[in-house]
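In what follows, every heavy atom counts, from backbone to side chain, and hydrogens, waters and symmetry copies are set aside.
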Amino acid sequence: MTTEATGGTPNPADASTTDTGAAPSGESLLTDGAPAATEAKPADAPGVVDAAKEGEGKADETPAAAEIKYEFQAPEGVELDGDAVTEFTALAKELELPADVAQKVVDIAVKMQQKQAERNAETVKGWAESSKTDKEFGGDNLKQNLAVAQKAIDTFGSKELGALLKTSGLGNHPELIRFAFNVGKGISEDGFVKAGARSAAGADLPMEKRMYPNMN
């Protein structure tokens, strides 16, 4: 049965049961009546890439450090130290350095070593120039005085000492030459008996006898 409109307040009981979208009494569309928002996953949002998916396959793009072959190159005329190369190779693998980055580190190390060698060469050259003009043994008599100093080195030193003085450049140092020169003069003036000489009894001569055999 239908109820005829009379212009009065409609009876809620006579309203159609069809859902009109109106909020029920005591609710608000902005709060309780709003449908629960569904959190969109980052991978589902437009323009957003799942970080986990993005990283898939990248592990295969760069070879593992253990698989990288380090074959370091040195400039012409330079030989890399084998022990240093072995130590640095282990470190490069530990740090997972790409081969090209590791080579750059080696290049820098070689340049530093070359600079150090150049500075050492300049230092040795300076020693030699100072020795040539030394007031005590240098000048016009340098050659003869160097022979006197060499006599002391040959008498008291060994082949290893001579090699050290040559490779290190210390054989050019004025103070070392001065020491050897004075020792050489001393053994020449006093009739020095070379180390290792033995007395008639067969025992080694005392130091003072070897240095100054004429001293009572």
Side-chain angles (χ1 to χ4, degrees), residues 70-92 100-216:
Y70 297 102
E71 297 178 354
F72 302 119
Q73 303 296 324
E76 185 178 356
V78 176
E79 183 177 354
L80 298 177
D81 180 77
D83 293 337
V85 169
T86 300
E87 184 176 355
F88 178 66
T89 299
L91 178 62
D100 59 336
V101 176
Q103 179 63 55
K104 290 180 180 180
V105 176
V106 171
D107 293 341
I108 293 175
V110 170
K111 289 181 180 179
M112 293 175 62
Q113 186 178 25
Q114 289 176 327
K115 288 292 184 181
Q116 182 64 44
E118 291 174 2
R119 285 193 290 267
N120 289 343
E122 288 296 325
T123 298
V124 172
K125 183 179 179 180
W127 292 344
E129 294 299 326
S130 297
S131 296
K132 290 177 182 178
T133 59
D134 188 84
K135 295 181 179 180
E136 183 175 358
F137 60 82
D140 296 336
N141 296 323
L142 175 65
K143 187 175 181 179
Q144 297 90 320
N145 292 338
L146 287 178
V148 174
Q150 186 63 50
K151 181 179 180 181
I153 298 297
D154 293 340
T155 301
F156 292 104
S158 61
K159 292 182 178 180
E160 290 75 15
L161 175 61
L164 173 63
L165 296 178
K166 185 175 182 178
T167 57
S168 66
L170 287 172
N172 293 320
H173 199 291
E175 293 308 316
L176 192 144
I177 295 176
R178 189 186 325 281
F179 171 78
F181 172 63
N182 289 327
V183 172
K185 287 195 303 182
I187 62 178
S188 297
E189 294 170 356
D190 295 325
F192 173 77
V193 177
K194 188 174 181 179
R198 297 177 179 274
S199 63
D204 289 335
L205 293 173
M207 176 63 72
E208 61 271 17
K209 286 293 185 182
R210 283 186 281 145
M211 292 294 294
Y212 304 103
N214 298 328
M215 180 180 294
N216 294 326

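Atom CD of Gln114 sits in a crowded spot, with more than 12 heavy atoms from other residues, nucleotides or ligands closer than 6.0 Å. Within 6.0 Å of the CG atom in Asp140, the count of heavy atoms belonging to other residues, nucleotides or ligands does not exceed 12.
To the nearest 0.5 Å, atom CD of residue Glu87 and atom CG of residue Asp83 are 8.5 Å apart. The CD atom of Glu71 sits 10.5 Å away from atom OG1 of Thr89, with the distance rounded to the nearest 0.5 Å. The CZ atom of Arg119 lies 4.5 Å from the CD atom of Gln116; values are rounded to the nearest 0.5 Å. We find the CD-CZ distance between Gln144 and Phe181 to be 10.0 Å, quoted to the nearest 0.5 Å. Put simply, CG on Asn145 and CG on Asn182 are 10.0 Å apart, with the number rounded to the nearest 0.5 Å. Here CG of Leu91 is found 12.5 Å from OG1 of Thr86. Values are rounded to the nearest 0.5 Å.
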Quiz: residues 160-178 side-chain donor-acceptor pairs under 3.5 angstrom, not counting sequence neighbours:
from: Glu160; atom 1: OE1; to: Ser158; atom 2: OG; distance (Å): 3.3
from: Thr167; atom 1: OG1; to: Ala163; atom 2: O; distance (Å): 3.0
from: Thr167; atom 1: OG1; to: Leu164; atom 2: O; distance (Å): 3.4
from: Ser168; atom 1: OG; to: Leu164; atom 2: O; distance (Å): 2.6
from: Ser168; atom 1: OG; to: Leu170; atom 2: N; distance (Å): 3.2
from: His173; atom 1: ND1; to: Glu175; atom 2: N; distance (Å): 3.1
from: Glu175; atom 1: OE1; to: Arg178; atom 2: NE; distance (Å): 3.3
from: Glu175; atom 1: OE2; to: Arg178; atom 2: NH2; distance (Å): 3.1
from: Arg178; atom 1: NH1; to: Asp134; atom 2: OD1; distance (Å): 3.2
from: Arg178; atom 1: NH1; to: Asp134; atom 2: OD2; distance (Å): 3.0
from: Arg178; atom 1: NH1; to: Glu136; atom 2: OE1; distance (Å): 3.0
from: Arg178; atom 1: NH2; to: Asp134; atom 2: OD1; distance (Å): 2.8

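With ring centers used as reference points, Phe88 lies under 6.0 Å from Phe72.
Counting all heavy atoms, side chain and backbone alike, Ala152 lies closest to Ile187 at CA-CD1, 4.3 Å.
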### Query
When you look at Leu142 and Thr133, which way does the side-chain contact (heavy atoms from CB on, under 4.5 Å) test go after all the steps?
CA-CA 8 Å; Leu142 175 65; Thr133 59; over 6 Å; no
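Inter-residue side-chain proximity for Gln103 and Val106 is flagged as met; some heavy-atom pair is nearer than 4.5 Å.
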